[in-house]
Amino acid sequence: MNKVYPSAAAALDGLLHDGMLIASGGFGLCGIPELLIAAIRDAGTKNLTVASNNAGVDGFGLGVLLETRQVKKMISSYVGENAEFMRQYLSGELELEFNPQGTLAERMRAGGAGIPGFYTATGVGTVIAEGKEHHDFDGKTYILERGIVADLSIVKAWKADPSGNLVFRKTARNFNVPAATCGKTCVVEVEEIVPLGSLDPDAIHLPGIYVHRIVTGKHEKRIEQRTVRKRENA
Amino acid sequence: MMAEETKGWDRHGMAARAAQELRDGTYVNLGIGIPTLVSNYIPKGISVTLQSENGMLGMGPFPYEGEEDPDLINAGKQTITELPQTAYFDSAQSFAMIRGGKIAMAILGAMEVAENGDLANWMIPGKLVKGMGGAMDLVAGVGRVVVVMDHTSKHGESKVLKACTLPLTGKGVVDRIITNLGVLDVGHKGLHIVELAPGVTEEELRAATEATIVG
């Protein structure tokens, strides 16, 4: 079975439909599936619900799908870097469901692990807990959060072998692992596809069982907050 | 030009005082803003490992110019560097260690703190809402929550309150409050004064505090 596709558009062929739920990896602009996002923009799929920690920035990342009004609802923990997002949200054009960051990650992990819900102390006593089942365990209160199962996962890894085994690089791993596992279908974009047998089986970050389609291409990998220190002898 | 107000701690003074809270051999999460400055004041002989909730233990300093790596950022999306003991992991693992109580302490900023330990630091209704990020998970999961903030707002109103007016980040989660005026602990029936900042009198601290101070 061939998992490697020639382009992001080819890798998404037959998987997109209006109104679908997409789980996306990435944290800020780090480790985002930029090629697949661009291909979804080009495909014009509408009324999307996107579960992603952030919503990109204006003109890059998931921000491009906001500009084209393809997103109906975001499930995110932090959306502060995107003026177009704020404009659409404040004018009522875009729905937003805030999830605490760890709750969002665990909802994806649980969904992918066949766990429909889990109890967490995160958000107890806050607006996040409103309308959710509360349960005490050992004298402490928890709320019930639901696992997420997405129609499609779009993620970015560093390297893949043709069987879909993935290796991520530094903090670009972030939400890519839980997002990859929670989709009925998972499409991965990588910087490099390496030959079978060249990845150390003991150092695979996500095994290929979770990966259905792979595409490689040139990544911009934009930096959101460039911060540096002075050299001591400069 | 008016003379600078020298009473109490400035941002760096608050960060330095917060750094005194660090215990050797622990894993710590520092929030955005003044808490980030705490890493500049880690006392000699104290070794702590900084966690960044986007998936890293062992956070190093900012990179030298030209050595920025788009794949290596902190939770504030700033470029950073790694250390010899650095480990990377995914976001679910990151919050498993937070929720699981493996992180000894979080040092966070705040908009309001109440005498019962309630914390509000993510949302002002009617203003731009950016989201809570990982703050709710951190305050619910870590061993100890230390808040660093100015004691009063720009308009002189106390931010150390009987009850928070803003939507909460966590209920009864704060252990210690470090402000420009001093250090307060959250007790069973109110706040306890631990320390006064240089040049600040107890009367001044009490006058700037709406919350009940019991000792």
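These numbers were taken from a predicted model, which means no experiment stands behind them. So you know, we letter chains A, B, ... as the sequences are listed, proteins then strands, and number each from 1.
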Top contributor to chain A contacts, counting heavy-atom pairs under 4.5 Å, from [options]:
| options | value |
| --- | --- |
| B:Q78, B:K77, B:M56 | B:K77 |
| B:E68, B:M123, B:K171, B:E82 | B:E68 |
| B:I73, B:T79, B:L168 | B:T79 |
| B:P167, B:G133, B:S52, B:A140 | B:G133 |
| B:G170, B:A75, B:G55 | B:A75 |

(request) Could you tell me whether the side chain of B:I177 reaches within less than 4.5 Å of the side chain of B:L191, counting heavy atoms only? (result)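 Yes. Closest side-chain heavy atoms under 4.5 Å.
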
(message) Please determine whether the number of non-hydrogen atoms from other residues, nucleotides or ligands lying under 6.0 Å from atom NZ of A:K221 exceeds 12.
(response)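 More than 12 heavy atoms, drawn from other residues, nucleotides or ligands, come within 6.0 Å of this atom.
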
Interchain contact, [X] with chain A, by part (heavy-atom threshold 4.5 Å):
| X | value |
| --- | --- |
| B:L72 | both |
| B:D118 | neither |
| B:E53 | both |
| B:T169 | backbone |

(message) Given the ring of B:Y64, does A:R229 sit roughly above its face, with NZ or CZ under 6.0 Å from the centre of the six-membered ring and within 45° of the axis?
(response)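 Judged by the rule (NZ or CZ under 6.0 Å from the ring centre, within 45° of its axis), A:R229 counts as positioned above B:Y64.
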
(request) Run the numbers on B:L184 and B:V194 for side chain to side chain contact (heavy atoms under 4.5 Å, CB included), then give the verdict. (result) CA-CA 5 Å; B:L184 294 152; B:V194 176; 5.8 Å; no

With only heavy atoms counted, which part of [X] is less than 4.5 Å from chain B, the side chain, the backbone, both or neither?
| X | value |
| --- | --- |
| A:R169 | both |
| A:V124 | backbone |
| A:L96 | neither |
| A:L206 | neither |
| A:N54 | side chain |
| A:E220 | neither |

(request) Test A:E93 against A:R87 for salt bridge (charged side-chain N to carboxylate O under 4.0 Å, His left out), laying out the working first. (result) CA-CA 9 Å; A:E93 297 163 58; A:R87 195 199 63 69; 3.2 Å; yes

(request) Only one of A:E133, A:K132, A:E130 passes side-chain contact (heavy atoms from CB on, under 4.5 Å) with A:I143; say which it is. (result)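 Option passing the side-chain contact (heavy atoms from CB on, under 4.5 Å) with A:I143: A:K132.
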
(message) Exactly one of B:M149, B:H12, B:R11 should register a side-chain contact (heavy atoms from CB on, under 4.5 Å) with B:I34. Which one does?
(response)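 It is B:R11; the other options fail the test.
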
(message) Quick check: A:Y142 with A:F137 (ring centres under 6.0 Å apart)?
(response)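 Between A:Y142 and A:F137, which both carry aromatic rings, the centre distance is below 6.0 Å.
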
(message) Strictly distance-based, threshold 3.5 Å: is any side-chain N or O of A:E34 a donor or acceptor partner for the main-chain N or O of A:G61?
(response)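 Here the side-chain-to-backbone pair does not exist.
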
(request) Classify the ring geometry between A:H135 and A:Y119 as parallel (under 30°), tilted (30 to 60°) or perpendicular (over 60°). (result)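 Correct class here is tilted.
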
(message) Heavy-atom pairs under 4.5 Å with chain B - which of A:A105, A:G102, A:G80 has more of them than the others?
(response)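 So the answer, after comparing A:A105, A:G102, A:G80, is A:G102.
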
(request) Considering only heavy atoms and a distance below 4.5 Å, find which of A:A110, A:G28, A:C30 pairs most often with chain B. (result)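 It is A:C30.
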
